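Predicted, not measured: the structure shown is a model, and the values here were computed from it. Each chain gets a letter, A, B and so on, in the order the sequences are listed, and its residues count up from 1.
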Amino acid sequence: MNPENAIEVRDITKSFKIYLDKGSTIKEKIVSNKRRKYEKREILKGISFDVKKGEAIGLIGENGCGKSTTLKLLTRIMYPDTGSIEMKGRVSSLIELGAGFHPDMSGLENIFINASIFGLSRKEIERRLDDIIAFSELEAFIDNPVRTYSSGMYMRLAFSVAINVDAEILLIDEILGVGDAGFQAKCFNKLREIKARGTTIVIVSHSMGQIEQICERSIWIHKGVIKAEGTPRKIHPLYMNYMGEKRQEIADKEARRQRKKNGQEAEEAGADKEDRNQKENREGTEPEEKDGSRWGNGDARITKIGIFDAEGQAKTAFRTGSDIRLKIDYEVKKTVKNAVIGIAVYRSDEMHCYGTNTRIDRLDSFSLEKDGSVELYLKKVNLLQGKYLMDFAIESEDGHTADYYKGAASVEIFSVIEDVGVMRIDHEWNIM
Amino acid sequence: MKIIKELYAYKSMIGSLIQRDLRGRYKGSVLGFAWTFLNPLLQLAVYTVVFSAIMRSGIEDYYLFLFVALIPWIFFSSSLTGGSSCIFSQKELVKKIYFPREVLPIAHVTSQLVNMLLSFIVVLAVLLVSGKGIRPGAVVYLPLVILVEYLLSLGIAFITSALTVYLRDLEHILVIIAMAWQFLTPVMYGVEMVPDQFKPVFMINPMTPVIVAYRDILYYKQPPQISTLLHACLLGAALLAVGCFIFGVLKRHFAEEL
């Protein structure tokens, strides 16, 4: 093992037998041995990484990708099928909070039980006792039985014990959502403090923001293998982009399903089949189209909307403050004189965030005569975290709508700063 | 060796699990911890009434004859039956946190041991009060016998607790096994009453020499025979070794099976 490393993971694999019909009674084991069906599911297919001493890394990935399994292998709750894991130093895990709490015993007694499960000796617990109680903010209730605690108090006590276990390697699984906002901030500060002391940290989280604040490196696990690894700034946009696309796919599927359903209803009602066929023929070439989400006289139609970052890479997820380039392709059936092209941006909860068009922006009037495209360069999009939908429209000067396409495109915005509201206002503080 | 070192580091976990078990057991009851003493005392009262008034046996002071063997037997059988579920009942812990898995059976058996030791206070008190008396020359062997029984119980708890994770039925089967085992151990009768053709069965039963030794010390007030002690030590060590081996193999997949 390299002396600089705290954790070395080499080519680990792990698969689970998923019993379709789990029987662990003797009768089932003997009688239906051959009929017991199970699926062998490969969760990890060969993962290798090193973590240096004092380094903090984040494991990210969609549900079921194997990141929690990796963490479980690191904690030695489970063992890999093949490959090896080496770790140097005392390992503590913040995976399960309140392990071994006995409801009838006092908070104080439970601190001792819980901390001892983390492998602390009585002396070590006594030395940390004041810190633990102070951190939990439960001084007044510490002698009451834990069953009288509210769930928030319970979690606070549990977290206080877990975070005060000094370890050289700390493994954390998605548990920073404990308590109210104030307590969460406190936990976070404590984590930073622990890190500053040189503790090696591995975090599994869905919160990109949390990982970016603590970790130097992110590892993106995808379907049991490492898909990408590097600084959070580099990896997270890739991941968010992937997730955004995936969500888009699901949304498309749902839209198709809805349309099919509606179509069936229409058929039952004896509606014009041709119209529907026509519509389905168009589907391949056009972006998402929902019923009632598009109207206009059809003189010109939007055919495609491309979303790119400043470098021209196609993307659907962006960090707050980044540039977004939009390319709108259109086809023209009949010349649209003095055309106006517009955009409206809505947040997923229908909040209208922004809207403009070529007339508002006082562009010289132009006419659409043949198929073409326009580019819209959105600079420094300061919208905060969330999903945003965009409407696009082509109108003629007299206000006749050629094509209004509602929700034609969507982007995912993510942020690492925890400011709130709709958009970020550039600001600075001056403490006088 | 590594596991022993690790278990030593987790000694406070074992301690607090035992404490939780002992204190949690009677929590909420009016008499609380007093039940630890009341329970064996009341049992003794029942045996005394039954065996000296109703079902008289030829053995002198039969209730004492039975009682000095029954208390150690209860320790063993609760390690056997209760021990089987000690990992399964803590599955949330096992699935979520790392600790040496041996901690759970060790804590269970040790808390049963503490219970037996407390019951022994009652036993010794009864022996003194009833006029039967205690002979210090014999009682000095008691700790050794207790230690052997502890290791034996640990061995069996390792085996049953690990197997029950994979086969839940064992929990119920073991209740029957424990009952049968009790009748195949000279608890209710003396070992000299066993017919010759069954003697081999009794000799491979690790509890036979243990119970014989207890009875020698407390009922007959004489030091146990060296051969009995050796026999007990040998079987105890063998069972513990088997138990450690089986547990060591099976523990790796506990988290997945639970």
**Asked** For B:Tyr98, does its backbone N or O pair with a side-chain atom of A:Thr75 as donor and acceptor, under 3.5 Å?
**Response**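 No: the side chain of A:Thr75 does not pair with the backbone of B:Tyr98.
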**Interatomic spacing from CG in A:Leu120 to OG in B:Ser12 - rounded to 0.5 Å** =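 Separation between the atoms: 7.0 Å.
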**Request:** Please round to the nearest 0.5 Å and tell me the distance separating atom OH of A:Tyr79 and atom CD of B:Glu256.
**Result:**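 The OH atom of A:Tyr79 sits 10.5 Å away from the CD atom of B:Glu256.
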**Request:** Take B:Ser16 and A:Ser116 through the test side chain to side chain donor-acceptor pair (under 3.5 Å) and record every step on the way to the result.
**Result:** CA-CA 7 Å; B:Ser16 57; A:Ser116 74; 2.5 Å; yes
**Item:** Under 4.5 Å from any heavy atom of chain A - which part of B:Val103
**Value:**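 For B:Val103, no heavy atom lies under 4.5 Å from chain A.
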**Item:** B:Glu6, part contacting chain A, at a heavy-atom distance under 4.5 Å
**Value:**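 Side chain of B:Glu6 only, per the 4.5 Å heavy-atom cut-off to chain A.
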Within the 4.5 Å heavy-atom criterion, are [X] and [Y] side-chain neighbours or not?
{"X": "B:Gln19", "Y": "A:Met105", "value": "no"}
{"X": "A:Ile117", "Y": "B:Leu93", "value": "yes"}
{"X": "A:Ile77", "Y": "B:Phe254", "value": "no"}

**Message:** For the interface with chain A, which of B:His253, B:Arg101, B:Lys251 has the highest count of heavy-atom pairs at distances below 4.5 Å?
**Reply:**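 Looking at each option in turn, the highest pair count goes to B:Arg101.
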Might you confirm whether atom [atom1] of [X] has over 12 heavy atoms from other residues, nucleotides or ligands at distances under 6.0 Å?
{"X": "A:Phe16", "atom1": "CZ", "result": "yes"}
{"X": "B:Lys199", "atom1": "NZ", "result": "yes"}
{"X": "A:Phe141", "atom1": "CZ", "result": "no"}

**Message:** Restricting to non-hydrogen atoms, name the atom on A:Lys72 and the atom on B:Lys95 that form the minimum distance, rounded to 0.1 Å.
**Reply:**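 For A:Lys72 and B:Lys95, the tightest heavy-atom pair comes out as CE-O, 4.0 Å.
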**Request:** Pick one of side chain, backbone, both or neither for A:Leu171, based on which atoms fall under 4.5 Å of a heavy atom in chain B.
**Result:**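 Looking at A:Leu171, nothing touches chain B.
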**Prompt:** For the candidates A:Arg122, A:Met78, A:Glu124, which exhibits the highest count of non-hydrogen atom pairs separated by less than 4.5 Å from chain B?
**Reply:**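 With the most close heavy-atom pairs to chain B, the winner is A:Met78.
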